[in-house]
Amino acid sequence: PHVRPRRYMPSNVNLIFGLIFCFSGFTDAIAAPSNSSEATDRIAEARDSWLAAFKSKDVDAALGFYASDAAFLQPSGDRIEGIDAIRELYQKVVSTFDTNLVMRSRNLEVSAGLAYDSGEYEETLTNRATGQKQHFRGQYVMIFRLTSDGHWKIIQHAWTVAPNPA
């Protein structure tokens, strides 16, 4: 006698769990844009708050937006690593110059726990001792990491300087 193999028929429980699994992924995908939008808003706010602190010469407040292991990449190619070295740089800058730094974001992207903001800047530095003004313009990139306490911190910060037109 020939015995037919028994075909596996999923139980209703397996089917229900399968559907839940599929739809939970689908709803996460639908919810992602709003979470991403919230994250981009928080990063833009962090950038703008950093800028306000820097322009007002509040070194401690400006440094509060950096991770302890952050790196600041200068237009000269120098790499300033760690919060203490960045503090030293900022203290030199704010004790010597006044700034009217203006930043225009062109691209702000978020992916999981990392994000970047890039754009253009213009700045006139005025030496407080001499009154001499220097005008700069160029591009910037700020890379942020989401910390365990829910804050976006700058981990890489880079500036370029475009030649001034003759």
Side-chain angles (χ1 to χ4, degrees), residues 20-128 134-164:
I20 289 171
F21 179 74
C22 288
F23 283 115
S24 71
F26 181 68
T27 57
D28 287 348
I30 291 172
S34 66
N35 292 340
S36 178
S37 175
E38 179 184 328
T40 57
D41 290 347
R42 290 181 57 212
I43 292 161
E45 182 181 310
R47 179 204 55 233
D48 294 344
S49 297
W50 167 85
L51 179 60
F54 180 72
K55 287 171 73 171
S56 70
K57 299 179 177 64
D58 189 342
V59 173
D60 289 333
L63 290 172
F65 293 97
Y66 287 89
S68 61
D69 60 345
F72 189 93
L73 311 174
Q74 297 200 87
S76 64
D78 291 335
R79 182 181 187 93
I80 311 297
E81 292 187 276
I83 201 75
D84 292 333
I86 296 171
R87 176 185 304 281
E88 186 178 322
L89 171 67
Y90 275 26
Q91 286 174 330
K92 286 179 187 174
V93 170
V94 302
S95 67
T96 307
F97 299 100
D98 290 328
T99 181
N100 70 344
L101 178 61
V102 175
M103 298 169 65
R104 286 179 293 283
S105 178
R106 291 183 56 115
N107 198 359
L108 199 159
E109 298 278 337
V110 178
S111 179
L114 289 175
Y116 73 90
D117 175 43
S118 68
E120 305 159 338
Y121 77 90
E122 284 195 54
E123 178 178 37
T124 299
L125 287 177
T126 304
N127 185 308
R128 287 202 308 275
Q134 295 175 298
H135 184 76
F136 300 96
R137 64 184 180 82
Q139 305 295 315
Y140 74 89
V141 174
M142 300 168 95
I143 302 173
F144 295 82
R145 177 175 57 215
L146 185 61
T147 62
S148 60
D149 63 356
H151 292 95
W152 288 96
K153 299 283 185 167
I154 302 165
I155 58 172
Q156 298 280 306
H157 194 167
W159 295 91
T160 67
V161 175
N164 284 320

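Source: prediction; values computed, not measured.
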Item to check | Residue Gln74 excluded, over 12 heavy atoms near CD under 6.0 Å | outcome: yes
Checklist entry - Is a donor on one side and an acceptor on the other found under 3.5 Å between the side chain of Lys92 and the backbone of Arg87? => result no
Next on the checklist: Please give me the minimum heavy-atom distance between Ile80 and Ile86, naming the atom from each residue.
Outcome noted: CG2-N, 3.7 Å
Next on the checklist: What verdict does the side-chain contact (heavy atoms from CB on, under 4.5 Å) test give for Ile155 and Leu114, after you've listed the backbone C-alpha separation in whole Å, the side-chain angles of each residue and the deciding distance to 0.1 Å?
Outcome noted: CA-CA 10 Å; Ile155 58 172; Leu114 289 175; 4.0 Å; yes
Checklist entry - What are the two closest non-hydrogen atoms of Gly113 and Trp152, and how far apart are they? => result O-CZ3, 3.6 Å
Checklist outcome for this item: Scanning both residues in full, the closest heavy-atom pair of Ala62 with Ala53 reads N-CB, 3.6 Å
Item to check | Check: Ser118 main-chain N/O paired with Asn107 side-chain donor or acceptor under 3.5 Å | outcome: no
Checklist entry - Sequence neighbours excluded, which residues qualify as side chain to side chain contact (heavy atoms under 4.5 Å, CB included) partners of Leu108? => result Thr40, Ile43, Ala44, Arg47, Ser105, Val110, Asp117
Checklist outcome for this item: Taken in chain and number order and not counting sequence neighbours, the residues that satisfy salt bridge (Lys or Arg N to Asp or Glu O under 4.0 Å) with Lys57 are Asp98
Item to check | Set of side chain to side chain contact (heavy atoms under 4.5 Å, CB included) partners for Ser68, sequence neighbours left out | outcome: none
Checklist entry - What do the steps show when you test Ser56 against Asp58 for side-chain hydrogen bond (donor to acceptor under 3.5 Å, both in side chains), and what is the final call? => result CA-CA 6 Å; Ser56 70; Asp58 189 342; 5.2 Å; no
Next on the checklist: Does Arg128, at its CZ atom, have more than 12 non-hydrogen atoms belonging to other residues, nucleotides or ligands within less than 6.0 Å?
Outcome noted: yes
Checklist entry - Counting only N and O atoms by type, is there a donor-acceptor contact under 3.5 Å from the side chain of Tyr121 to the main-chain atoms of Thr160? => result yes
Checklist outcome for this item: So CD1 of Ile143 and OH of Tyr116: to nearest 0.5 Å the spacing works out to 9.5 Å
Next on the checklist: Under the salt bridge (charged side-chain N to carboxylate O under 4.0 Å, His left out) definition, can you give me all pairs with a residue in residues 67-82, not counting sequence neighbours?
Outcome noted: Asp69-Arg145, Arg79-Glu81
Next on the checklist: Are Glu123 and Phe97 packed together at the side-chain level, in the sense that at least one heavy-atom pair is separated by less than 4.5 angstrom?
Outcome noted: no
Item to check | Any residue meeting ring-ring contact (aromatic ring centres under 6.0 Å, His included) with Tyr140, in chain and number order, not counting sequence neighbours | outcome: Trp159
Next on the checklist: Once salt bridge (Lys or Arg N to Asp or Glu O under 4.0 Å) is applied, do any residues pair with Glu109, and if so which ones, sequence neighbours excluded?
Outcome noted: none
Next on the checklist: Could you go through Leu51 and Lys55, starting from their C-alpha distance and side-chain angles, then the distance that decides it, and tell me whether this counts as side-chain contact (heavy atoms from CB on, under 4.5 Å)?
Outcome noted: CA-CA 6 Å; Leu51 179 60; Lys55 287 171 73 171; 3.7 Å; yes
Checklist entry - So Val93 and Phe54, side-chain contact (heavy atoms from CB on, under 4.5 Å) or not? Walk me through it. => result CA-CA 10 Å; Val93 170; Phe54 180 72; 4.0 Å; yes
Next on the checklist: Rounded to the nearest 0.5 Å, what separates atom OH in Tyr90 from atom CD1 in Ile83?
Outcome noted: 8.5 Å
Item to check | Non-hydrogen side-chain atoms of Glu120 and Arg137 separated by less than 4.5 Å | outcome: no
Item to check | CA sep, side-chain torsions, deciding dist, call: Gln156, Val141, side-chain contact (heavy atoms from CB on, under 4.5 Å) | outcome: CA-CA 8 Å; Gln156 298 280 306; Val141 174; over 6 Å; no
Item to check | Glu88, CD atom: more than 12 neighbouring heavy atoms under 6.0 Å | outcome: no
Checklist outcome for this item: Here the gap from Gln134 atom CD to Thr99 atom OG1, rounded to the nearest 0.5 Å, amounts to 11.0 Å
Item to check | CZ-NZ distance between Phe144 and Lys153, expressed to the nearest 0.5 angstrom | outcome: 11.0 Å
Checklist entry - Do the non-hydrogen side-chain atoms of Trp50 and Met103 ever get within less than 4.5 Å of each other? => result yes
